[in-house]
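In the text below, chain A, chain B and the rest are named by the order of the sequence lines, each starting its count at 1.
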Amino acid sequence: MNPDHLQQGAGASAPALAADAVTVRYGDVTALSAVRARFEAGRIHAVLGQNGAGKTTFARVAAGLVQPAEGSISVFGRHLAGGDVVAARRAGVELVHQSFALPPSFTVAEVLQFVGPKPGLFTRRGIERHWQGWLDGLGLGLDAGARIRDLPIEMQQSAEIARAMVSDARLLILDEPTAVLSPEGTERLFARVRELKRQGVTVMLVLHKIREVLAIADTVTVLRGGELVAGPLEAQDLTSEALAELIIGDGAARLDAGDRAALVGAAAEQHESHSLPDAPPALVLKRVSTAPEAGGKGLSEVDLTIRAGEIVGIAGVEGNGQRELVAAIAGLDPLTSGEIFLADRRMDKASLAARRDAGLRVIPFERNVEGLSLSSPLWENWSAAQLVGGSLLAQVSPRALRSAAEQAFQDWDVRFNDVAQRAGSLSGGNAQKVILSREMDSGARLILAAQPTRGLDIGATMAVWKALRQARSNHAGILLVSSDLDELFDICDRIVVMVSGQAVATFTTPWDIQAVGRAMTAAHKNRAEEATR
Amino acid sequence: MTSRLYPVLQTGAFILLALVLCSLIFAAVGLSATETLGAIVDGAFFRPNALAHVLRWGLPLLITAVGVVISFRAGYFNIGAQGQFYLGAICAAFAAEWMRGSPALVAVPVCMLAGMAGGALWALWPALLRVKAGADEVITTMMGNFIAAQLLVHVTSGPLKDPSGSGQQASSRPVEAAWRISESSGSSPVIIAIAALVVLLGWWLVNRTSFGILSGLAGRNPVMVTWQGAKVQRIAISAFVLSGALAGLAGSVELMGPNGRLASGFLPDHGFTAILIALVAGMSVIAAAFIALFFGALTSAGLWLPVMTGLPSSAIDIIHASIALFITAKAGVFRGLLARFGR
């Protein structure tokens, strides 16, 4: 037994988390391979890497949600076999997931009461008073009486953090906490995290943007392809360039500087706009409004023009009308008022099939629901676009469709064995390429790309960007919805910010990055002020 | 193992497993398993005129089952084959009544079309309730079965009642002898031709048309098909109506062929057996054809058993039930076995 191991039992000097050769496999895929790292107590640790690097898996191992195939972890000197949430909790580990799971009809106080240590009789006012004091101590800025469903997403996240802190977490793990936040929301989150650190909590943040890591972390650990590349390294010794190389690996030098910065969330680069002010419009929206969906807002008098040969980005905190915008342009949500033109044809009453005929293509938000039928063969998924315009009784040749699909997949470098294999058997990146191969044909005049790179690794992300730029040089107009501002700054020619179903601001190059971030939250503040008045 | 052969072997294995289970049940109630199964095989395939009996029972089932395959593939669990089958027979019987005196060459096709229209209408209202109001088609089509059964009682004891009829069961006046497309206990070239046409058109529709591919996709993920711009409602209604029309066609075939008249307890298991056939066939029209003939053989044997061997015909019900059991467990059982023993 090595002396290092003996020391771990000593308590105070024990690391908050030590991973010993942790290996995790999901079927044939090795998600983590022999990761060995020590995280000191009382500091803010960032775990950084691209999609598929194994960050989330690592966080889930630490929280006892995933049983490692090999290796073990210890928390504050306590040895855990892994795969036991209760043991991890008892040792003081809490994980806040990417997606939140608090009961929407509960108040914050009720949530805390029910996860808290003392069940029993209570009055609503009593628990609100009790928990409000506790929340104020944490500095989370939460109102104990607010219902979860009424909270903006940033505050829901705070409620999740509060929920985690009720059980006296000593190691708080936040999995991609900034993915759902505006730039300003991220800053406020970081302020709260620093406050937690001041109170002695060790925080581990799973992140994928260098800028955020350098802003908050004391140490940085980089994962790539399930392996530990480096870390924990002292953040103050690191530069953005060095981290970018660690994250991307050998290919880093081959990437364009702007793309590299956008991929790793380093400082955004400026570039020239490709927009041609006298190019014909590919899409015109005139004061478009839609009925509010259950639990959401509709569009409200959106004006938007996209010209042939430009990429227009839609920025905004998720849930501010981006979905409604895409659905309205696709003809899946009826308009309550306003007009939609594709090129110069008015099409707000036309079916999606007719709009497709006019050159509309859609890369939908949910790849696995709206984009593909996972249990159907690949070639059927690809063929759907060819068939929808025609008669249902049109005779088709499966053989011809199969070979056309096969050709398209080869052109798009999809990794597949057989066109008859189920779409669900492909990785996320390959699945997205199947969608690209279907939607980005030569007839595309207006492409709606909704979160097209979400969850994709570097190779697949680059393929999507290349495809969008290619379509732009073929004079298609492109609407790119993304919650990743770096992506928008890198490839868009114009950015429109959406708040509460309205297009509130338009930005052109050179980007005023702070101003875009402010625009995303400005209207929120107005609403909050109205509410308090 | 080729991917084409695999489902065939899988289905064969299920039927074998079901027969093993049946043997256990037979043994438990004191019947000799080998003797009973032997008698069933004998009754199905080796009695005089066995093939004609198999076709007599198998072909109408085949027609209905192809329809069920079409609606199941599109993702709609049209459980109403029985009701649509009844409505087809009822409408064909009314048409036969009104057409009395016309030549067979006109009357038979008209009755068939009336039967298809009746079945289609009985599938249309659940389809509309589903796509316009979101009503669960399992519930509505099942309710439709009950209503159709009552309608059949009403028709046979009311408007179409045979005044000379005697016995416990009310029945309708027989259709004109010249219009019968088969004898009472057999099949005929006309019925074989109709069934062959249904299989051919069904296969073409499912495998060689836009409707086939889009309905297959919609059956698994309607949201995706919507985002591709397909009219999912139109696909749904077409699938419902087609399956209803085929069940209705089977009803008119039964009326104009072996039965010759409606009776209030007319083939009460037809639709459910057809659903079972579609499930065993795994959504393939060609497989449904073969399996329908297999079930036709079972039915034919079931009628033979009590008469010729004194064995209970409920033995056939047990076989049906066991097959249903294994088909329901299908995915889970096989995945479990594969995972355990490797491929």
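The number of heavy atoms from other shown groups lying within 6.0 Å of CZ (B:Phe294) is above 12. Applying the 6.0 Å contact sphere to CZ of B:Arg234 captures no more than 12 heavy atoms from other residues, nucleotides or ligands.
Residues B:Ser210 and A:Leu387 approach most closely at OG-CB, 3.3 Å, considering heavy atoms. The two atoms that bring B:Met224 and A:Ser373 nearest to each other are CG-N, 3.7 Å, heavy atoms only. Of all heavy-atom pairs spanning A:Leu393 and B:Thr209, the tightest one is O-CG2, 4.2 Å. The two residues A:Val388 and B:Gln228 come nearest to each other via the heavy atoms CG2-O, 3.2 Å. The two atoms that bring A:Pro364 and B:Trp227 nearest to each other are CB-CE3, 3.9 Å, heavy atoms only. The shortest heavy-atom contact between A:Gln395 and B:Trp204 is OE1-NE1, 2.6 Å.
With a threshold of 4.5 angstrom between heavy atoms, A:Arg438 approaches chain B through side-chain atoms but not through N, CA, C or O. In this structure, chain A has heavy atoms under 4.5 Å from both the backbone and the side chain of B:Thr226. At a 4.5 Å heavy-atom cutoff, A:Leu360 makes no contact with chain B through either its backbone or its side chain. Proximity to chain B (any heavy atom under 4.5 Å) is restricted, for A:Glu439, to the side chain, taken from C-beta onward.
Remark: the backbone N or O of A:Val369 is paired with a side-chain donor or acceptor of B:Asn221 at under 3.5 angstrom. Judged by distance alone, with hydrogens and angles left aside, the side-chain atoms of B:Arg220 form no donor-acceptor pair with the main-chain N or O of A:Leu374 at under 3.5 Å.
With chain A as the partner, the residue from B:Val225, B:Ile235, B:Val223, B:Leu205 showing the most heavy-atom pairs under 4.5 Å is B:Val223. Contact tally against chain B (heavy-atom pairs below 4.5 Å) for A:Leu392, A:Leu352, A:Asp418: the top residue is A:Leu392. When B:Ala230, B:Gly212, B:Ser215 are compared by the number of non-hydrogen pairs under 4.5 Å with chain A, B:Ala230 comes out ahead.
Within the model, atoms CG of B:Asn207 and OG of A:Ser397 stand 12.0 Å from one another, a figure rounded to the nearest 0.5 Å.
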